[in-house]
Amino acid sequence: MKIGTHSLANNLILAPMAGVTDRPFRQLCRRLGAGLAVSEMVTSNASLWKSNKTRLRLDHEGEHSPRSVQIAGADPVMMANAARFNVENGAEIIDINMGCPAKKVCKVLAGSALMRDEGLVRRILEAVVSAVDVPVTLKIRTGWDPEHRNGLTVARIAEESGVAALAVHGRTRACGFRGNAEHDTVKRIKHQVNMPVLVNGDIRSARDAAGVMDETGADGVMIGRAAQGNPWIFSEIAHYLSEGIELAQPTASEVAGILLEHLDALYTFYGEYRGVRIARKHIGWYCKNRSNADSFPFRHRINRAESAVLQTAIVREYFLEQEERELAA
């Protein structure tokens, strides 16, 4: 799959997710089979670029090319400046956020709120594409609400503006993450534009990915929430698309190895104090649906652990018990 001049290893993309797709998680997902991993969104508000949060989001040290950074905002000039700023700081693809349904983003008319104003959509896209020499991609929803699904119109505007690839989440902004994603809109978009189209939403397994690509004709899939605590989903999808058979689920020992690698990267990237606290949600995702993961003693111990040594010791102990359960089964 190509995005502009960049040839990706495959057509499996990690979706940008605030608070999730930091550098440690992006690098892990790339190692486990993602062809591209998009960063957390960076604001177009220049007054916030020197904040610690933005500084970390701009840290691409050690990341494989191409590096994709998502920007968010509602002003064409500010978005163009943000695109230039991020390219100067290592971005090789600029992704524009017109898909986030979060209230704090939409209330400033950014994210998926932009889809209500097609004229502004065009001005932003043209400004950003003209501002940088790297490919510009766009992430959208199918529309503002079920009565206003204008994803096809926005897709046409994007192609006319020089956007290199489009990702479509199969829900409207009003739907949030409720209900089931619909991919009929994605299918219509794919049949009407020539740029690569990625389908996103409710893709939780290799079979889901294969099915939705067959259904829509999409060029690839973008995986978001299904990768949380499950970064090997990219390897599973790649194997299924290539061989037509599903990989065996990783053993408890294999999951523990990946999680401990992830935790170590978080401690290194954020420092022990922040890393331990950020790790808590990831541990919850990795352990989701496993025996005793939701029990009060385990959650209490994880949430009370203040050091990396103690947190990793609790994780090792928990997965050793899980491994013993597997062997006894």
Side-chain angles (χ1 to χ4, degrees), residues 1 3-4 6 8-10 12-46 48-73 78-102 104-105 110-112 124 128 131-132 134-140 163-167 169 198 200 220-228 231 233-234 262 265-266 268-270 274-275 278 281-282:
M1 182 176 176
I3 296 180
H6 298 294
L8 308 186
N10 58 42
L12 312 177
I13 316 299
L14 173 66
M17 293 178 284
V20 180
T21 54
D22 53 17
R23 194 187 79 192
F25 192 62
R26 294 195 303 271
Q27 290 179 306
L28 180 60
C29 288
R30 288 291 295 268
R31 186 178 74 74
L32 293 175
L36 183 69
V38 186
S39 78
E40 302 173 86
M41 64 183 180
V42 175
T43 179
S44 61
N45 185 347
L48 300 176
W49 290 347
K50 292 184 179 180
S51 70
N52 189 55
K53 178 185 288 188
T54 299
R55 179 185 62 79
L56 289 172
R57 290 183 177 186
L58 295 174
D59 189 335
H60 309 292
E61 184 179 352
E63 282 193 81
H64 293 303
S65 181
R67 297 177 292 275
S68 178
V69 175
Q70 185 179 78
I71 60 175
M78 292 175 66
M79 289 288 279
N81 289 337
R84 282 190 286 264
F85 173 75
N86 280 280
V87 169
E88 290 168 1
N89 282 274
E92 296 171 300
I93 297 173
I94 294 293
D95 184 62
I96 297 176
N97 182 340
M98 293 189 187
C100 180
K104 68 178 181 180
V105 175
S112 55
I124 288 174
V128 173
V132 294
V134 304
V136 175
T137 60
L138 174 65
K139 188 170 190 290
I140 65 172
V163 168
L166 177 72
H169 182 96
L198 303 169
N200 174 235
V221 296
M222 179 172 276
I223 306 294
R225 291 173 295 162
Q228 295 173 354
I233 190 173
F234 298 100
H262 191 177
L266 289 172
T268 301
F269 186 67
Y270 290 105
R274 285 195 66 199
I278 290 170
K281 63 187 175 187
H282 289 282

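Excluded from the calculations below are hydrogen atoms, water molecules and symmetry mates; all remaining heavy atoms, backbone and side chain alike, are included.
To the nearest 0.5 Å, atoms CZ (R26) and NE2 (H60) are separated by 6.0 Å. The distance from atom CZ of R31 to atom NE2 of H64, rounded to the nearest 0.5 Å, is 10.0 Å. To the nearest 0.5 Å, atom CD of residue Q228 and atom NZ of residue K281 are 8.5 Å apart. Between atom OG of residue S68 and atom CD1 of residue I3 there is a gap of 7.0 Å, rounded to the nearest 0.5 Å.
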Evaluate side-chain contact (heavy atoms from CB on, under 4.5 Å) for M1 paired with L36, printing each intermediate quantity in order. CA-CA 10 Å; M1 182 176 176; L36 183 69; over 6 Å; no
Run the side-chain contact (heavy atoms from CB on, under 4.5 Å) test on R55 and K50 for me, step by step, so that the C-alpha distance in whole Å, both residues' side-chain angles and the decisive distance to 0.1 Å come before the verdict. CA-CA 6 Å; R55 179 185 62 79; K50 292 184 179 180; over 6 Å; no
Going through the distances and angles, do N52 and R274 end up as a side-chain contact (heavy atoms from CB on, under 4.5 Å)? CA-CA 12 Å; N52 189 55; R274 285 195 66 199; 3.4 Å; yes
Audit row: T137, V38, side-chain contact (heavy atoms from CB on, under 4.5 Å) steps and yes/no: CA-CA 11 Å; T137 60; V38 186; over 6 Å; no
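Applying the salt bridge (charged side-chain N to carboxylate O under 4.0 Å, His left out) criterion to R67, with sequence neighbours excluded, gives E92.
Here the side chains of F269 and I278 are not in contact, with every heavy-atom distance at 4.5 Å or above. Proximity of L138 to I140: side-chain heavy atoms (C-beta onward) are separated by under 4.5 Å at one or more points. Between D22 and L266 there is a side-chain heavy-atom pair separated by less than 4.5 Å. With a 4.5 Å cut-off on side-chain heavy atoms, V42 and T54 count as touching. Side-chain contact between E63 and Q27: present, with at least one pair of heavy atoms (C-beta onward) separated by less than 4.5 Å. Contact check for P16 versus M222: side-chain heavy atoms found under the 4.5 Å cut-off.
Across F234 and L32, no two heavy atoms sit closer than the pair CB-O, 3.6 Å. For the pair N97 and A72, the tightest heavy-atom approach, listed with the atom from each and the gap, is CB-CB, 4.1 Å. Residues G4 and P135 come closest through the heavy atom pair CA-CG, 3.8 Å. Taking both residues in full, the closest heavy atoms of S39 and T21 are given as C-OG1, 3.5 Å, listed atom of the first, atom of the second, then distance. The two residues L8 and P66 have their closest heavy-atom pair at CD2-CG, 3.7 Å. The heavy-atom pair separating M79 from G73 by the smallest distance is SD-N, 3.3 Å.
In this structure, the side chain of N10 engages the main chain of G33 through a donor-acceptor pair within 3.5 Å. Put simply, the side chain of R57 gets close to the backbone of M41: a donor and an acceptor are under 3.5 Å apart.
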Please table the atom pairs, donor to acceptor, closer than 3.5 Å between any side-chain atom in residues 83-91 and protein atoms at least two apart or in another chain.
residue, atom, partner, partner atom, Å
R84, NH2, N81, OD1, 2.5
N86, ND2, A82, O, 2.8
N89, ND2, F85, O, 2.7

